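Encoded as structure tokens, the structure appears first; notes follow it.
To find a chain, count down the sequence lines: A is the first, B the second, and so on, and within it residues start at 1. From a predicted model like this one, the values you see are computed outputs, not experimental measurements.
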Number of protein chains: 2
Amino acid sequence: MAERLYREIGENIKQEIAKSSLKIGDKLPTERVYAELFGVSRTLVREAFIMLEIEELIEVKKGSGSYLKNTLSLKTSNKVSDVGPFELLQARQEIESSIAACAAKVITKQDLQKLQDILDIESAELETVEKANSADRDFHLSIAQSTQNIVLLDTATRLWDMRDGNPMWKKLHARIQDTSYHDQWLEDHKKVLLQLRKRNPEGARQAMWQHLENVKQTLFKLSDTDAPDFDGYLFAQPHS
Amino acid sequence: MAERLYREIGENIKQEIAKSSLKIGDKLPTERVYAELFGVSRTLVREAFIMLEIEELIEVKKGSGSYLKNTLSLKTSNKVSDVGPFELLQARQEIESSIAACAAKVITKQDLQKLQDILDIESAELETVEKANSADRDFHLSIAQSTQNIVLLDTATRLWDMRDGNPMWKKLHARIQDTSYHDQWLEDHKKVLLQLRKRNPEGARQAMWQHLENVKQTLFKLSDTDAPDFDGYLFAQPHS
DNA sequence: ATCCAAATATTGGCATGCCAATTTAATATT
DNA sequence: AATATTAAATTGGCATGCCAATATTTGGAT
């Protein structure tokens, strides 16, 4: 695996911590103890400790010892980069439906007009996949922008852009362009906009929820026909 | 400051990278170069490199060198980092209440026990501000973790950590420790946990919403007594 | 017996030095 | 001259050893 050793040591230490019943604030075994336990030098353990410290799992105090600070990061490899499309969509469903509800409360006429313009583009200009994709993104992020909350916009943007980092998504996306689920989603978008026009928070939440539910279902069907490639990404099924 | 040296070295290296016009993929100066530059041992620089590697800023290759991987983390002040406490809390209210609702559907007994443990710590151990703050963070993020969705956990973590980058928050936070709003919030937390126990999504959503509403109101009052310092941060008032 | 101070032990901080992987330069081979 | 082979230099990997901060024990004074 050609991985740097301190990472392996760090992961091992995480597991040791998880196995033991250490509580937050408790003192960890010393570097020397782990060094002997794993049969490596203390330097390496120290580096692993630095890793855990950066991950805010422990706190290191000179002359005293190291202390458990946080039990969250224990689950190995919290890498967000290689998260599956379904897990990502699940998160987007939760967050974006809330954003839609929030937007419904404060959306301006200009924002509504902008969304309408985007819908017009989506209706007409289905030429290329990129165009459609870009319009789709515009629609979702414009709603986030309508909340007038930079943090919400930033969060939505971040979630959307996570797709691009994942190779699985491209496969799924390639299949989407063949069929015309765009029509379904266009209808979804219209429903969302309608609720936003009515300034109905719960209606907007529900409409956005349903939209992303439809997207999930569509992707699920697609992945079903291409099952082998998507092994390991199905664990994060919608749980409702 | 009493900060570990490798952190300081790491920050210095970040600045050096920022000053120089290195692009992604470019080779960094060697550990030995930095060691001589800063007048420390290579071990220390190596530790700083590990820090940057954990932060996904660089990639270290044995025998070859270290390479710039990501320039995003360099920006100490991302556009969102200097957002006001109220705008941030508003966003957290929207998102974390949804997360709570989501968690209520799938939370395990272990997760519930863990939350109870955290509450116990919050109840008893109000010694230092850091402890209380750490427990608070643990409570909120543990709920996010209970959703078993890494993206949601990542999002919640990101939102929480935005506080630390903002100087305004520290001022507010300094005032909070004086008074005992902790009791109020502890009660809020208990209510949230109760709804999670009942596995009542809408109850959990409401409880978390109310909790963050209370936090907002508290901060608003505090900032009111210290009005001049918070000019420019009040634009993002709760809009409901 | 209690308390305080000094001695001792423990623990992380850090520098030095040698090893292994890789890259680069030199040299041989065609 | 081009290419393959080999030697040298570069670079990160890691262990050892001593230093400094903290914690613990000891012993004497009251």
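Both tests pass for R163(B) against the ring of W160(B): distance under 6.0 Å to the centre and angle within 45° of the axis. Because its NZ or CZ atom is both nearer than 6.0 Å to the ring centre of Y67(A) and within 45° of the ring axis, K61(A) counts as a cation-pi partner of that residue.
Between K191(B) and Q210(B), the side chains place no donor N or O within less than 3.5 Å of an acceptor N or O (distance only, hydrogens not considered).
For the pair L44(A) CG and dC19(C) P, the interatomic distance rounds to 18 Å; values are reported in whole Å. Atom OH in Y34(A) sits roughly 15 Å away from atom C1' in dG12(C) (whole-Å rounding). The interatomic distance linking E8(A) (CD) with dG13(D) (P) rounds to 14 Å, in whole Å. The interatomic distance linking I9(B) (CD1) with dA15(C) (C1') rounds to 13 Å, in whole Å. What separates CZ of R46(B) from P of dG13(C) is a distance of 16 Å, to the nearest Å. The CD atom of E31(B) sits 5 Å away from the P atom of dG12(D) (whole-angstrom rounding). Between F49(B) atom CZ and dT11(D) atom P there is a gap of 11 Å when expressed in whole angstrom units. E47(A) places its CD atom 11 Å from the C1' atom of dG12(D), with the value rounded to the nearest Å.
Put simply, the side chain of K216(B) reaches to within 4.5 Å of the side chain of E213(B), judged on heavy atoms. No side-chain heavy atom of Q195(B) sits under 4.5 Å from any side-chain heavy atom of M208(B).
Rotation axes derived from the C1' atoms of the five outermost pairs at either end of the helix from dA1(C)-dT30(D) to dT30(C)-dA1(D) lie 10° apart, to the nearest 10°.
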Could you go over nucleotides 16-18 of chain D and give all protein N or O partners under 3.5 Å, atom names and distances?
| unit_1 | atom_1 | unit_2 | atom_2 | d |
| --- | --- | --- | --- | --- |
| dT16(D) | O4 | T43(A) | OG1 | 2.9 |

I'd like a list of close polar pairs between nucleotides 5-7 of chain C and the protein, N/O only, cut-off under 3.5 Å.
none

Where do N or O atoms of nucleotides 21-25 of chain D meet protein N or O atoms at under 3.5 Å, pair by pair?
none

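Under the salt bridge (Lys or Arg N to Asp or Glu O under 4.0 Å) criterion, E53(A) pairs with R4(B), sequence neighbours left out. For E47(A), the side-chain hydrogen bond (donor to acceptor under 3.5 Å, both in side chains) partners are R46(B), not counting sequence neighbours.
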Check step by step if salt bridge (Lys or Arg N to Asp or Glu O under 4.0 Å) holds for E55(A) and K69(A).
CA-CA 10 Å; E55(A) 291 175 352; K69(A) 186 180 180 184; over 6 Å; no
Q184(B) and D188(B): CA distance, side-chain angles, deciding distance, side chain to side chain donor-acceptor pair (under 3.5 Å) verdict
CA-CA 6 Å; Q184(B) 163 78 64; D188(B) 288 353; 3.1 Å; yes
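Under 4.0 Å is where a charged nitrogen must lie from a carboxylate oxygen, and between R137(B) and D161(B) at least one such pair does.
By the 6.0 Å contact criterion, CD on Q116(B) is enclosed, its count of non-hydrogen atoms from other residues, nucleotides or ligands being greater than 12. Heavy-atom contacts from other residues, nucleotides or ligands closer than 6.0 Å to CD of E8(B) number 12 or fewer.
Contact annotation: R4(B) reaches the phosphate of dG13(C) (side-chain N/O to OP1 or OP2, under 4.0 Å).
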